[in-house]
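Below, chain A is the first sequence line, B the second, and so on; all start at residue 1.
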Protein chains: 2
Amino acid sequence: MTVATRKQREREEMRQLILEASRSIFLEKGYHLTSIRNIAERIDYSPGTIYLYFKEKDEIFHALHEEGFRRLIAQMEPLQFVSDPFERLKAMGRIYMDFARNNKDFYDLMFIMQAPMNVEAPECWEMGDTALEHLKNVLRDCQAAGRFKGQDIEFLSFYVWSSMHGMCALYCRDRCQAYPDMDADLLMTRGFEIFVQNLEKL
Amino acid sequence: MTVATRKQREREEMRQLILEASRSIFLEKGYHLTSIRNIAERIDYSPGTIYLYFKEKDEIFHALHEEGFRRLIAQMEPLQFVSDPFERLKAMGRIYMDFARNNKDFYDLMFIMQAPMNVEAPECWEMGDTALEHLKNVLRDCQAAGRFKGQDIEFLSFYVWSSMHGMCALYCRDRCQAYPDMDADLLMTRGFEIFVQNLEKL
DNA sequence: TGGAAAAATGAACAGTGTTCATTTTCTTTG
DNA sequence: CAAAGAAAATGAACACTGTTCATTTTTCCA
């Protein structure tokens, strides 16, 4: 092993170390309450060192953004064993919703947080595109099976995604409190049921 | 006019002055990029003065939060002239969506921004409750007219709200970029159409 | 007009993201 | 193995943040 390759490996390990620390603190305290000094302290390095591995705080954010999509896609794995397209779509919705519930902060990071998305980096959205492509494929399969007649896949997928996202976003940002007598999880579950009822008739 | 009442009026005027400045800067730069010093500078006062009229930055935020709901409710005014309940519901959806499009930052402030909603202040949500009650009433009217049979108004209203919110939230936080070839406004319009189609069959 | 009350100030505190001259550590070469 | 050169890590410094509070200024009324 040449020195150069070892150096590169060490560099990658350091990036991972920073990412792991960042993730745990991000998810503990949220984006804005996490500081570079916090992260550095957690891994026993000085603040300046972080900047040798990441250009800025947002670059750490984007790395975690990707990680989130990797996790979501991993959760979708079992879907390939669901043969009926519409059942697959429903299962997909449940997985998406459970992901939001069990990884509130990752979900927030991926779909809600205000972060400079203006970055023209195409690889920044690679994982996100993959996930969206999954949805579109399932919808196409449903269409092949006779559902959603005459619907454009682009618009339909946006509608399906945003319906799910609406509930998850209200959940993540505590707007379910608008129903003080109602458990947020129950709201989500029943909301999803109505949504499925809807899709069945579309 | 007693001195005391004048004092009180002047105090209210000062609060308004601060709120107006805050609003314009909030909407320009977003919540986190707006600083107390910015606000003070804009109205030619010192930073400390702000704290004589508002306990903290979040109190300013909440005041604007309320203002947003007042505006939204004002937009809903014409609905009272739409006699058919389902038409009223559709019009309501369009108004809600247009509000989000035309007041992106107000919408963000009201429904998306992470702000300490844990505040147990009940008056903080008074306006929001009113708006939600509007929706529930329209849905009840629809039900009285034979639609949405057997649906619980609480869950149904959450579903309707979150479907609309989903699109608006993706729009406000620039996640429509997931469809690079598609205009965000077109996505919203078509998404809304599918939603209405859905409701018609429910 | 003088003294009390109210209003406004701005320096100070503890925090933030980021930069960079300096020091430390590692690697290669003579 | 020692010295020179490169790479890595440091932490002080800069300009910013929300918030507090002793001090100063202004306003008011007897």
Side-chain angles (χ1 to χ4, degrees), chain A residues 1-23 25-26 28-65 109 113-116 118-119, chain B residues 1-19 21-23 25-26 28-65 109 113-119:
Chain A
M1 176 209 296
T2 75
V3 174
T5 63
R6 179 175 56 78
K7 286 273 155 171
Q8 204 185 341
R9 183 174 51 79
E10 282 177 353
R11 201 183 151 72
E12 192 44 50
E13 281 171 2
M14 187 64 177
R15 271 182 68 99
Q16 277 309 319
L17 187 67
I18 294 171
L19 277 180
E20 270 165 45
S22 302
R23 196 187 65 211
I25 305 180
F26 267 127
E28 263 171 42
K29 323 213 286 183
Y31 183 75
H32 286 287
L33 293 179
T34 301
S35 72
I36 298 293
R37 284 175 183 81
N38 293 159
I39 298 168
E41 203 176 353
R42 174 78 56 106
I43 58 174
D44 297 316
Y45 277 87
S46 75
T49 302
I50 307 292
Y51 287 88
L52 298 175
Y53 296 89
F54 292 93
K55 197 173 124 285
E56 54 195 359
K57 192 182 177 183
D58 276 329
E59 194 176 319
I60 301 179
F61 175 83
H62 280 122
L64 290 172
H65 194 266
L109 205 94
M113 267 190 197
Q114 195 70 279
N118 45 349
V119 180
Chain B
M1 176 209 294
T2 77
V3 174
T5 63
R6 181 174 56 77
K7 286 272 155 172
Q8 203 183 343
R9 182 174 52 77
E10 281 176 355
R11 199 181 152 72
E12 193 44 50
E13 281 171 2
M14 187 63 178
R15 271 182 68 99
Q16 278 309 319
L17 187 67
I18 294 170
L19 278 180
S22 302
R23 196 187 66 212
I25 305 181
F26 267 126
E28 263 172 42
K29 324 213 285 183
Y31 183 74
H32 286 286
L33 292 180
T34 301
S35 72
I36 299 293
R37 284 175 184 79
N38 293 159
I39 298 168
E41 203 175 353
R42 174 79 56 107
I43 59 175
D44 297 316
Y45 277 86
S46 74
T49 303
I50 307 292
Y51 287 89
L52 298 175
Y53 297 89
F54 292 93
K55 199 174 121 283
E56 55 196 357
K57 190 182 178 183
D58 277 327
E59 194 176 317
I60 301 179
F61 175 84
H62 281 122
L64 290 171
H65 194 266
L109 205 95
M113 268 190 196
Q114 194 69 280
M117 294 292 157
N118 46 349
V119 180

Legend entry - Nucleotide nearest B:Ile36 when distance is taken to its side chain, options D:dA7, C:dT18, D:dT19: D:dT19
Inset, instruction - Run the salt-bridge test on A:Arg37 and A:Glu41 with the 4.0 Å N-O cut-off and return the result as yes or no. - result: no
Legend entry - Closest non-hydrogen atom pair, A:Lys29 against A:Asn38: NZ-OD1, 3.3 Å
Legend entry - Side chain to side chain, B:Tyr45 and B:Ile18, heavy atoms closer than 4.5 Å: no
Inset, instruction - Would you indicate whether the side-chain heavy atoms of A:Ile50 and A:Ile60 approach each other to under 4.5 Å? - result: yes
Legend entry - Bending between helix ends of the helix from C:dT1-D:dA30 to C:dG30-D:dC1 [5 pairs per end, 10° resolution]: 20°
Inset, instruction - Would you mind reading off the distance between B:Asp58 atom CG and D:dT17 atom P, rounded to a whole angstrom? - result: 17 Å
Inset, instruction - Please check the phosphate of D:dT17 (OP1 and OP2 only) for any side-chain N or O of B:Asn38 closer than 4.0 Å. - result: yes
Legend entry - Separation of C:dG17 C1' from A:Phe61 CZ (nearest whole Å): 16 Å
Inset, instruction - Using atom CD1 of A:Ile39 as one end and atom C1' of D:dT10 as the other, report the distance to the nearest whole Å. - result: 17 Å
Legend entry - Separation of D:dT19 C1' from B:Lys57 NZ (nearest whole Å): 12 Å
Legend entry - Ring geometry between B:Phe61 and B:Tyr31 (parallel below 30°, tilted from 30 to 60°, perpendicular above 60°): perpendicular
Inset, instruction - Compare all side-chain heavy atoms of A:Leu17 with those of A:Met14 and state whether any distance is below 4.5 angstrom. - result: yes
Inset, instruction - Give me the residues of residues 45-56 of chain B where at least one heavy atom lies under 4.0 Å from an atom of DNA chain C, by number, or none. - result: B:Tyr45, B:Ser46, B:Gly48, B:Thr49, B:Leu52, B:Tyr53
Legend entry - Between C1' of D:dA9 and CG of A:Leu17, the distance in whole Å: 14 Å
Inset, instruction - Take the protein atom CE of B:Met14 and the nucleotide atom P of D:dT26, then report the distance between them rounded to whole Å. - result: 15 Å
Inset, instruction - Check whether any side-chain heavy atom of B:Glu59 lies under 4.5 Å from a side-chain heavy atom of B:Tyr53, and answer yes or no. - result: no
Legend entry - Integer-rounded Å distance: D:dT17 P and B:His32 NE2: 14 Å
Inset, instruction - Could you check how far CG of A:Leu33 sits from C1' of D:dG18, rounded to whole Å? - result: 12 Å
Legend entry - Over all atoms of both residues, closest heavy-atom pair of B:Arg42 and B:Ile25: NH2-CG1, 3.5 Å
Legend entry - Test item: B:Leu19 and B:Phe54 side chains (from C-beta on) under 4.5 Å apart, heavy atoms: yes
Inset, instruction - Answer with yes or no whether A:Arg37 presents, from its side chain, a donor or acceptor under 3.5 Å of a partner atom in the base of C:dG15. - result: no
